[in-house]
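Quick one: structure below, then a few questions.
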Amino acid sequence: MTPEERIDRIRSDHWIAFDRATIVLNRLTSLMEMPQQSRMPGLMVYGSSGIGKTMIAKRMASKYPTQYNAELGITKTPILLVQAPPAPDERRFYQHILSTIGAPMCGAAYRVRT
């Protein structure tokens with residue numbers, strides 16, 4: 001490995017498993033693998049800044065990546081990971097969602113009614 005590659009690796013995010021994160025990951029995995037039903041259960045994860053919520057979400061997204069079926073021309077996105085904009089703005093939040101799934105952006109078509 002070159003020195004630059006080593007530095008990049010050191011500076012990148014690393015998963016460090018801890019008990020609570022493992023519990024949350026196991027629960028989320030069981031929810032993902034549950035058969036579909038009309039009222040799917042969910043899980044809310046909350047906590048102070050810097051305790052690993054985003055890392056847990058990224059870990060789950062890496063376990064269930066987006067897959068493209070070329071035959072059908074369909075993209076399956078099991079987990080949609082979207083960071084909310086810093087200011088509470090519904091339009092920007094929906095634009096983040098559309099951008100994340102690769103939807104075309106057309107200003108007037110995505111106006112949010114209030």
Side-chain angles (χ1 to χ4, degrees):
M1 203 180 305
T2 68
E4 292 81 18
E5 290 171 333
R6 292 179 70 193
I7 290 169
D8 285 346
R9 185 173 174 106
I10 289 168
R11 290 181 176 166
S12 65
D13 288 337
H14 297 282
W15 175 253
I16 299 171
F18 57 100
D19 292 343
R20 295 251 177 172
T22 302
I23 290 168
V24 171
L25 281 171
N26 289 339
R27 177 68 177 139
L28 289 170
T29 300
S30 70
L31 290 173
M32 288 297 294
E33 295 172 359
M34 181 177 283
Q36 285 192 349
Q37 27 185 308
S38 57
R39 289 189 176 249
M40 294 294 292
L43 179 68
M44 184 169 96
V45 179
Y46 66 94
S48 302
S49 179
I51 63 168
K53 298 179 302 294
T54 300
M55 288 297 290
I56 290 171
K58 287 181 177 182
R59 182 81 170 182
M60 280 302 294
S62 71
K63 285 178 69 173
Y64 297 93
T66 298
Q67 297 173 345
Y68 178 70
N69 183 328
E71 276 185 27
L72 300 175
I74 295 173
T75 301
K76 181 180 178 185
T77 307
I79 294 180
L80 183 64
L81 185 56
V82 178
Q83 290 285 111
D89 181 346
E90 210 173 336
R91 180 178 183 179
R92 287 182 57 208
F93 181 65
Y94 284 118
Q95 286 176 336
H96 275 82
I97 292 171
L98 294 170
S99 172
T100 303
I101 63 171
M105 297 296 242
C106 177
Y110 302 118
R111 284 202 186 116
V112 177
R113 294 181 186 159
T114 55

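This one's a predicted model, so the numbers in the text were calculated from it and none came from an experiment. Just the heavy atoms: all of them, side chains too, but no hydrogens, waters or symmetry mates, feed the values below.
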Listed by chain and number, what are the side-chain hydrogen bond (donor to acceptor under 3.5 Å, both in side chains) partners of K53, not counting sequence neighbours?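 With sequence neighbours excluded, K53 shows a side-chain hydrogen bond (donor to acceptor under 3.5 Å, both in side chains) to no residue whatsoever.
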Evaluate the side-chain proximity of I56 to L28: yes if any heavy-atom separation is below 4.5 Å, no if none is.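 Yes; the side chains approach each other to less than 4.5 Å.
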Please report the shortest heavy-atom distance between L31 and P41, naming the atom on each side.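 For L31 and P41, the tightest heavy-atom pair comes out as CD2-CG, 3.7 Å.
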Indicate the atoms forming the closest heavy-atom contact of L81 with A57, along with that distance.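 Closest approach of L81 to A57, heavy atoms only: CD1-CB, 3.5 Å.
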Check each of E4, E5, R11 against I7 using the side chain to side chain contact (heavy atoms under 4.5 Å, CB included) test, and report the only one that passes.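 Running side chain to side chain contact (heavy atoms under 4.5 Å, CB included) over E4, E5, R11 with I7 returns exactly one hit, R11.
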By side-chain hydrogen bond (donor to acceptor under 3.5 Å, both in side chains) - contacts of E33 (at least two apart):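 For E33 the side-chain hydrogen bond (donor to acceptor under 3.5 Å, both in side chains) partners, ignoring immediate neighbours, are Y64.
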Do you know the tightest heavy-atom contact between M40 and Q37?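 Here M40 and Q37 meet closest at SD-N, 3.2 Å.
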From Y94 OH over to L98 CG, what is the distance, rounded to the nearest 0.5 angstrom?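 Interatomic distance, Y94 OH to L98 CG, rounded to 0.5 Å: 10.0 Å.
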Write down the atom of P65, the atom of P78, and the distance for their closest heavy-atom approach.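 In terms of heavy atoms, the two residues are closest at O-CD, 3.6 Å.
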ILVMFWY cluster, V45 and I51 together (side-chain gap under 4.5 Å):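 The answer is no; the residues belong to distinct hydrophobic clusters.
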Rounded at 0.5 Å granularity, tell me how far CD in E71 sits from CG in N69.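 That separation rounds to 6.0 Å.
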For residues 14-29, which residue pairs pass the side chain to side chain donor-acceptor pair (under 3.5 Å) check, not counting sequence neighbours?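 Checked against side chain to side chain donor-acceptor pair (under 3.5 Å) - neighbours excluded - the pairs reaching residues 14-29 are T29-K63.
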When rounded to the nearest 0.5 angstrom, what is the spacing between CZ in R6 and CG in D8?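 Spacing of CZ (R6) from CG (D8) equals 12.0 Å.
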From CG (D13) to CZ (R59), nearest 0.5 Å: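 It comes to 12.0 Å.
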hydrophobic_cluster_shared for L43 and M34, side chain cutoff 4.5 Å: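 Yes, M34 and L43 fall within the same hydrophobic cluster.
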Hydrophobic cluster identity match, M60 and F18, side-chain contacts under 4.5 Å: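 No, no single cluster joins them.
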Any non-hydrogen side-chain atom of I16 less than 4.5 Å from a side-chain atom of M55?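 Of all side-chain heavy-atom pairs linking M55 with I16, none is under 4.5 Å.
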